[in-house]
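For reference, the structure discussed in these notes is given below.
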2 protein chains.
Amino acid sequence: MKPTIYDIAREAGVSATTVSKVINNKGRISEKTKAKIVKIMEDLHYQPSVLASAMKGKNTFTIGIIIPDMNNPVYSEYLKLIEAYGRELGFSILICNTNNDPEKEEEQVTLFRQRQVDGFIIASKFKNDEVLKELINENFPLVLFALERPELSIDCVTIDDFLGGYKVTEYLLSLGHRQIGLMTEDAESSLERVRGYKRALLNADVEYNEKLIYQSETTIDRAVEQAGKLLDSKDKPTAIFGCNDVLAVGTLMAAKHRGIKIPNELSVIGFDNTFMCKIVEPQLSSVSVPLGEMGRQAMDLLISKIDKTNKSKQRIKMLPDLVIRETTARVYEKDAN
Amino acid sequence: MKPTIYDIAREAGVSATTVSKVINNKGRISEKTKAKIVKIMEDLHYQPSVLASAMKGKNTFTIGIIIPDMNNPVYSEYLKLIEAYGRELGFSILICNTNNDPEKEEEQVTLFRQRQVDGFIIASKFKNDEVLKELINENFPLVLFALERPELSIDCVTIDDFLGGYKVTEYLLSLGHRQIGLMTEDAESSLERVRGYKRALLNADVEYNEKLIYQSETTIDRAVEQAGKLLDSKDKPTAIFGCNDVLAVGTLMAAKHRGIKIPNELSVIGFDNTFMCKIVEPQLSSVSVPLGEMGRQAMDLLISKIDKTNKSKQRIKMLPDLVIRETTARVYEKDAN
DNA sequence: TTGAAAGCGCTAACAG
DNA sequence: CTGTTAGCGCTTTCAA
């Protein structure tokens with residue numbers, strides 16, 4: 001059996017309270033007894049039970065992370081960073097992969113709460129607002145990651161999707177593209193990216209054409225499919241902006257299947273700047289987001305809520321950067337040949 | 001505040017014991033009181049505290065997963081599958097990404113145990129055998145995943161790495177290759193794959209050349225680096241077997257940098273059959289492993305240990321399959337040109 | 001069929 | 001500086 005605080009107390013000839021005090025570095029105890037207790041704890045490999053102390057209202061030092069798909073490299077990367085940073089701070093991570101299924105989202109929140117997580121970081125779009133609202137009402141520690149809820153009063157750290165979409169489009173326009181296709185995803189963030197895209201078109205006096213916009217689930221296969229439709233459509237784009245790298249990689253593949261030369265006949269640019277960008281050929285231009293910094297911010301923010309050191313809510317928005325690689329080029333001029 | 005079992009009891013005009021019994025479906029209670037209690041629990045959104053019941057010696061329904069790198073698509077995929085299956089069975093997943101750092105491994109095991117996980121699934125190679133041995137001695141529920149410890153009496157589910165390595169090499173030999181390079185990783189599984197490779201060479205009467213073997217960390221960048229050395233070496237291989245897809249993709253890239261045509265001038269084959277195989281060009285041949293089935297088996301095995309329904313230890317070994325895509329071809333014959 | 005009492009391992013008053 | 005006491009939310013005898 002694992003030793004309990006009483007075993008230590010008995011061994012040291014003191015009370016459990018005293019042991020508790022040295023564990024938590026609280027109250028005042030003589031250096032001598034303290035040293036003795038510490039030694040005994042070590043000898044017996046004593047580890048306090050997080051459960052028992054949590055039952056007394058203390059933290060479990062466990063947080064729940066809810067993400068849509070950890071197979072998407074952005075999320076696996078993010079998860080990895082969060083886990084590492086969390087561990088540094090003494091927190092363990094309970095994960096849930098939702099596939100954006102609202103039922104799972106709700107189910108997991110209650111499951112995690114039964115396990116008394118100290119807080120949540122949520123990256124999966126909650127279709128089910130009720131759950132979110134309940135959490136907010138209870139003032140339960142919670143931060144949204146790369147996900148916004150404009151209508152909800154809630155902490156979040158996101159990237160400036162509008163700016164990202166804008167920059168991409170502006171860059172493509174500067175290369176002479178006028179028919180710029182868009183592969184989007186059913187997510188708030190993509191909506192913003194599309195808004196940035198539209199604004200850039202507007203500012204450049206280029207007409208917006210709805211038919212150049214295709215939505216797809218974020219899997220390679222579906223992206224290939226949808227991008228195929230876009231490429232086969234009448235309004236042939238000379239450039240395509242994928243609202244995330246998965247979508248962009250799918251686009252790349254669809255183009256290759258059709259013998260379309262990249263970047264000469266078609267420019268493609270993604271979003272997220274995942275490792276996929278470097279392994280496809282040609283290497284994918286993309287938009288980089290400071291994932292590490294974002295994860296850190298999200299954690300710090302969450303912990304400040306858990307510790308109640310910070311009561312005010314905030315939206316932190318990080319700015320994205322263009323990373324130009326090999327899939328973007330000046331528009332292909334038929335007349336030139 | 002969240003309602004407790006006492007709140008329910010009071011509301012229903014019964015004792016906490018009775019409520020506990022309906023929660024756990026134990027003992028005998030009249031349908032009538034049962035119905036009343038159930039209704040009240042629903043009305044109050046009552047969720048029993050896992051912590052409190054765990055304190056009475058019950059399960060936490062939480063298991064710890066320890067993996068080396070969730071950015072490696074094999075692991076993220078596996079993690080995703082495990083999480084889904086675990087949830088189906090009512091278990092939540094605590095994760096830890098170790099980067100194969102023995103300190104983190106040990107640290108996490110104690111951390112997870114403080115949180116009273118019901119068991120572990122470990123995919124990260126434990127350099128620190130002591131921790132593993134301790135767990136085994138205590139008979140703590142534990143299964144190794146895609147990882148073996150031949151010297152330890154421990155449950156595990158792995159793939160037959162030897163067979164995988166053998167098949168790859170056999171296939172490459174059948175294409176006429178004789179100079180077959182190897183990109184390996186510091187892991188038990190890779191050792192087995194190498195053993196398969198050697199055996200295949202032996203069986204085919206092809207001499208084994210140590211200089212064709214390069215070890216690398218499993219990251220794209222390091223793989224590119226190491227593969228570069230292999231490609232630049234005197235013993236120029238006509239084919240390279242990457243002990244995992246990351247290594248193989250790195251090899252592919254290194255070859256491209258050097259203008260080596262694939263598969264005409266160099267065949268490359270990976271291991272794991274991750275989604276990367278399909279997005280690189282040409283598409284990577286690889287070895288598929290039944291990850292889903294393996295995850296399921298690992299979970300089932302672990303749970304049988306937790307429930308103590310199964311005392312006997314076992315090693316489950318799944319068989320891998322070759323998936324031939326576009327990076328493998330008959331050896332390039334200089335004379336033919 | 002139901003309930004009273006004890007206790008899991010810990011911590012927080014409060015006394016001494 | 002240290003210890004006594006009570007109790008977190010639940011389950012488990014055992015008795016009624």
Rounded to whole Å, how long is the line connecting atom [atom1] of [X] with atom [atom2] of [N]?
X: B/Y6; N: D/dG9; atom1: OH; atom2: P; result: 9 Å
X: A/D7; N: C/dG9; atom1: CG; atom2: C1'; result: 10 Å
X: B/M55; N: D/dG7; atom1: CE; atom2: C1'; result: 11 Å
X: A/Q116; N: D/dC8; atom1: CD; atom2: C1'; result: 10 Å
X: A/R10; N: C/dG9; atom1: CZ; atom2: P; result: 11 Å
X: B/Q47; N: D/dC10; atom1: CD; atom2: P; result: 11 Å
X: B/F61; N: D/dC10; atom1: CZ; atom2: C1'; result: 14 Å
X: B/R113; N: C/dG9; atom1: CZ; atom2: P; result: 14 Å

Ignoring hydrogens and angles, answer whether the base of [N] and the side-chain atoms of [X] contain a donor-acceptor pair closer than 3.5 Å.
X: A/K2; N: C/dG9; answer: no
X: A/K56; N: D/dG7; answer: yes
X: A/T17; N: C/dT11; answer: no
X: A/S20; N: C/dA12; answer: no
X: A/S30; N: D/dT2; answer: no

Can you tell me if A/D118 uses its side chain to pair, donor with acceptor, with the backbone of A/I63 under 3.5 Å?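 Flag not set: sc A/D118 to bb A/I63 has no pair under 3.5 Å.
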Is there a donor-acceptor pair under 3.5 Å between the side chain of A/N128 and the backbone N or O of A/E130?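 Side chain of A/N128 to backbone of A/E130, a donor-acceptor pair under 3.5 Å: yes, one is there.
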Which of these nucleotides, [options], is closest to any side-chain atom of [X]?
X: B/K26; options: D/dC10, C/dT2, D/dT12; answer: D/dT12
X: B/N24; options: D/dG3, D/dT11, C/dG3; answer: D/dT11
X: B/T18; options: D/dG3, C/dG3, C/dT1; answer: C/dG3

So does [X] pair up with [Y], basic N to acidic O under 4.0 Å?
X: A/R113; Y: A/E138; value: yes
X: B/K125; Y: B/E105; value: no
X: A/D155; Y: A/K305; value: yes

Take A/A52 and A/V14, find for each the nucleotide of DNA chain D with the closest heavy atom, and name the residue whose nucleotide sits nearer the 5' end.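 Checking each residue's closest nucleotide, the 5'-ward one belongs to A/V14.
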When all nucleic acid strands are considered with a 4.0 Å heavy-atom cut-off, which category describes B/K58: base, sugar-phosphate, or nothing?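 Here B/K58 touches the backbone only, sparing every base.
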B/S15 side chain N/O closer than 4.0 Å to the phosphate oxygens (OP1, OP2) of C/dG3?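 So the side chain of B/S15 is within the cut-off, an N or O lying under 4.0 Å from OP1 or OP2 of C/dG3.
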If the cut-off is 4.0 Å, is B/T33 near the phosphate of C/dT2, judged by side-chain N/O to OP1 or OP2?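 Affirmative; the distance criterion is met.
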